[in-house]
Amino acid sequence: MKDRNVISWAIISMFGFLVINFLMSRTFAGLTTSMSEFWRSTFLAIALYAVTIVLAALDWKPSFYLMGLVIALYTLSLISVLITMWSYDKATFMIRVLMSAGSIAVMVINAYWLVLALRLRKRERDKHDRERFQHQNEVGK
């Protein structure tokens, strides 16, 4: 496993999305979503996150790029939650504020995941460069 921190924050991101998704399916959110829609989106999120997390745990190099796409997709979904909460007036003001705060919190988690993934990428690139230049110096002697 290359970087447990990046994988851990991806799992936190997944659970954050699942909580927001669950709350959006409740009647107090003011939307008319069916439980089948909730379960479909929940299973899809778990599947997408799980595949990328397992690939990252198996140390498949492109897995973090795929994970980044999944996290970006679900960040867009959180932006949709914000727009939905403030464009429909069926939910109370307090519910709108709490749902918005939760969505923003998960977006911050996703941004932190991105920072960790970029640091991991830089560390891997620097390690690769050091090894390559060290090998070139040894060959040149």
Side-chain angles (χ1 to χ4, degrees), residues 1-140:
M1 190 177 306
K2 267 312 203 192
D3 193 23
R4 291 181 183 187
N5 213 11
V6 175
I7 294 171
S8 298
W9 281 97
I11 293 169
I12 293 168
S13 170
M14 177 185 67
F15 281 116
F17 171 77
L18 293 175
V19 167
I20 296 294
N21 187 39
F22 175 76
L23 293 174
M24 286 296 286
S25 70
R26 304 292 93 198
T27 56
F28 62 77
L31 302 174
T32 55
T33 59
S34 68
M35 285 308 285
S36 66
E37 290 174 10
F38 163 74
W39 286 113
R40 186 174 35 238
S41 63
T42 298
F43 289 137
L44 182 61
I46 291 171
L48 289 173
Y49 271 100
V51 165
T52 58
I53 289 168
V54 167
L55 290 173
L58 294 174
D59 199 22
W60 186 57
K61 299 290 182 198
S63 63
F64 289 108
Y65 296 110
L66 291 175
M67 193 181 295
L69 288 173
V70 170
I71 288 177
L73 174 72
Y74 286 102
T75 300
L76 291 174
S77 178
L78 294 167
I79 292 170
S80 173
V81 168
L82 287 173
I83 292 169
T84 301
M85 281 288 99
W86 293 101
S87 62
Y88 298 110
D89 59 352
K90 294 182 181 179
T92 65
F93 181 75
M94 184 56 91
I95 295 296
R96 287 189 220 174
V97 169
L98 292 174
M99 291 298 293
S100 298
S103 295
I104 290 169
V106 177
M107 283 189 266
V108 168
I109 289 168
N110 291 350
Y112 184 64
W113 176 91
L114 178 63
V115 168
L116 292 175
L118 290 173
R119 285 181 188 165
L120 175 64
R121 166 111 168 74
K122 182 179 181 335
R123 193 168 54 239
E124 290 291 321
R125 189 181 64 228
D126 290 347
K127 177 183 170 190
H128 181 272
D129 288 347
R130 279 191 305 275
E131 290 171 356
R132 189 179 75 204
F133 291 131
Q134 182 180 10
H135 177 71
Q136 286 176 351
N137 287 339
E138 290 173 358
V139 171

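Values below: all heavy atoms of this structure, side chains included; hydrogens, waters and symmetry mates excluded.
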Find the distance between [atom1] ([X]) and [atom2] ([Y]) and round it off to the nearest 0.5 Å.
X: Leu82; Y: Arg96; atom1: CG; atom2: CZ; result: 12.5 Å
X: Ile20; Y: Ser80; atom1: CD1; atom2: OG; result: 12.0 Å
X: Met24; Y: Thr84; atom1: CE; atom2: OG1; result: 5.0 Å
X: Asn21; Y: Arg26; atom1: CG; atom2: CZ; result: 10.0 Å
X: Ser100; Y: Ile83; atom1: OG; atom2: CD1; result: 11.0 Å
X: Ile95; Y: Met85; atom1: CD1; atom2: CE; result: 8.5 Å

Should the heavy atoms of other residues, nucleotides or ligands under 6.0 Å from [atom1] of [X] be counted, would the total exceed 12?
X: Tyr65; atom1: OH; result: no
X: Trp39; atom1: CH2; result: no
X: Met94; atom1: CE; result: no

Does a side-chain heavy-atom distance below 4.5 Å link [X] with [Y]?
X: Leu116; Y: Leu120; answer: no
X: Trp86; Y: Val81; answer: no
X: Arg40; Y: Leu44; answer: no
X: Phe28; Y: Leu23; answer: yes

Work out which heavy atom in [X] is nearest to a heavy atom in [Y]; give both atom names and the distance.
X: Met14; Y: Ile46; answer: SD-CA, 4.1 Å
X: Ala117; Y: Val6; answer: N-CG2, 4.0 Å
X: Met107; Y: Ile79; answer: SD-CG1, 3.7 Å
X: Ser63; Y: Ala56; answer: OG-CA, 3.1 Å
X: Phe38; Y: Ser25; answer: CD1-OG, 3.7 Å
X: Ala45; Y: Tyr74; answer: CA-OH, 3.2 Å

Side chain of Ser77, backbone of Leu73: donor and acceptor closer than 3.5 Å?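 Looks like no, no N/O pair under 3.5 Å.
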
May I ask you to check whether Phe17 and Tyr49 place their ring centres under 6.0 Å from each other?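 Ring centres of Phe17 and Tyr49 not closer than 6.0 Å.
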
After noting the C-alpha distance and the side-chain angles of Thr42 and Phe22, does the key distance pass the side chain to side chain contact (heavy atoms under 4.5 Å, CB included) rule? CA-CA 8 Å; Thr42 298; Phe22 175 76; over 6 Å; no

Test side chain to side chain contact (heavy atoms under 4.5 Å, CB included) on Thr75 and Ile71; report intermediate values, then the result. CA-CA 6 Å; Thr75 300; Ile71 288 177; 4.1 Å; yes

Listing request: all salt bridge (charged side-chain N to carboxylate O under 4.0 Å, His left out) pairs with a residue in residues 107-122, at least two apart in sequence or in separate chains.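 Only Lys122-Asp126 qualify under salt bridge (charged side-chain N to carboxylate O under 4.0 Å, His left out).
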
Given side chain to side chain contact (heavy atoms under 4.5 Å, CB included), test Leu78 with Asn110 step by step and report yes or no. CA-CA 10 Å; Leu78 294 167; Asn110 291 350; 3.9 Å; yes

Results of ring-ring contact (aromatic ring centres under 6.0 Å, His included) for Tyr112 - residues two or more places apart only: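 Tyr112: ring-ring contact (aromatic ring centres under 6.0 Å, His included) contacts with Trp9.
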
